[in-house]
Peer 1: 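Got a structure for you, questions after.
Just so you know, residue 1 is the first one in the sequence shown, and it goes up from there.
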Amino acid sequence: MPIVVFYVLAVVGFVIVALTRLRLHDGEAGGRHAYSPLLVHAHTIFGVLGLSLWTYFLVAHDKLPFGEVCGVLGLGLVWITSVVGLALLVRWLPSKGRHAADDLADDWWGNGAGLSLIAHLGMFFGTLFTTWAYVTGAI
C-alpha cells in the first residue's frame, strides 16, 4: 500500500481539525443543541498533537528515536479526536418529546450538518483504516 495514502489522510485530518475550530470558535454555530467549548478545545488540541505525532511516525518511524511510540500515541490521540468530532455532531440531532422546540439554527457553512457529517465520518473511517493498516503491518 503506498505511504502517500497515509500522508493524504493526515493532511485531510489537519484540514478537518482546522475547519472545525474555525466553524465552532465563537459558540454561534448552527444546530439544535448547545455544545461545550471544552469539546472544541479538546478536538483541536488532541487533533493537532495526534496528527503531528502520527506524521512524525510516518516520516521517521525507522530512522529517529521514539518513532514507534509516537505512532501509537499519535494514533490514540487521533482516535480521541475522531470520537470528540462525532460528539460535536450531536448538536444537530433532533429533540424528541412533548416540549421539544424545533429551533434549528443555521450558519453559513452550507446551512446544515452536511459538511460536518462528511468530514467527521470520513475522519472516523480514515482513522479506522489507518489503525487497520498499522495493526496488520501495511505501514
Peer 1: At what distance, to the nearest 0.5 angstrom, does CG of L77 lie from CG of L73?
Peer 2: 5.0 Å
Peer 1: Can you list everything that forms a side-chain hydrogen bond (donor to acceptor under 3.5 Å, both in side chains) with T131? Sequence neighbours excluded, please.
Peer 2: W79
Peer 1: Kindly write out the residues that satisfy side chain to side chain contact (heavy atoms under 4.5 Å, CB included) with A18, not counting sequence neighbours, or none if the list is empty.
Peer 2: none
Peer 1: Output a table of donor-acceptor pairs, distance under 3.5 Å, between side-chain atoms of residues 83-90 and any protein atom two or more places apart or on a different chain; print 'none' if there are none.
Peer 2:
none

Peer 1: Considering residues at least two apart in sequence or located in another chain, which fulfil the side chain to side chain contact (heavy atoms under 4.5 Å, CB included) criterion with Y7?
Peer 2: I3, L58, V59
Peer 1: To the closest 0.5 Å, what do you measure between OG1 (T130) and CE (M123)?
Peer 2: 9.5 Å
Peer 1: Out of curiosity, does I45 fall in the hydrophobic cluster containing V78 (side-chain heavy atoms, cut-off under 4.5 Å, transitive links)?
Peer 2: no
Peer 1: To the nearest 0.5 Å, what is the distance between CG (L51) and CZ (F14)?
Peer 2: 4.5 Å
Peer 1: Could you report the tightest heavy-atom contact between A133 and F6, atom names first, then the distance?
Peer 2: CB-CZ, 3.5 Å
Peer 1: Drop me the distance from T127's OG1 to L9's CG, to the nearest 0.5 angstrom.
Peer 2: 8.0 Å
Peer 1: With sequence neighbours left out, write down each residue that passes side-chain hydrogen bond (donor to acceptor under 3.5 Å, both in side chains) with Y134, or none if nothing qualifies.
Peer 2: E68
Peer 1: Mind checking side-chain hydrogen bond (donor to acceptor under 3.5 Å, both in side chains) for H120 and listing every partner two or more places apart, or none if nothing turns up?
Peer 2: T20, H43
Peer 1: Mind checking the OG-CZ spacing from S52 to F57? Nearest 0.5 Å is all I need.
Peer 2: 15.0 Å
Peer 1: I need the L53 CG to L75 CG distance, nearest 0.5 Å.
Peer 2: 11.0 Å
Peer 1: List the atom of G47, the atom of V17, and the distance in Å for their closest heavy-atom pair.
Peer 2: CA-CG2, 3.9 Å
Peer 1: Identify, with sequence neighbours excluded, every residue that meets side chain to side chain contact (heavy atoms under 4.5 Å, CB included) alongside V12.
Peer 2: V8, I16
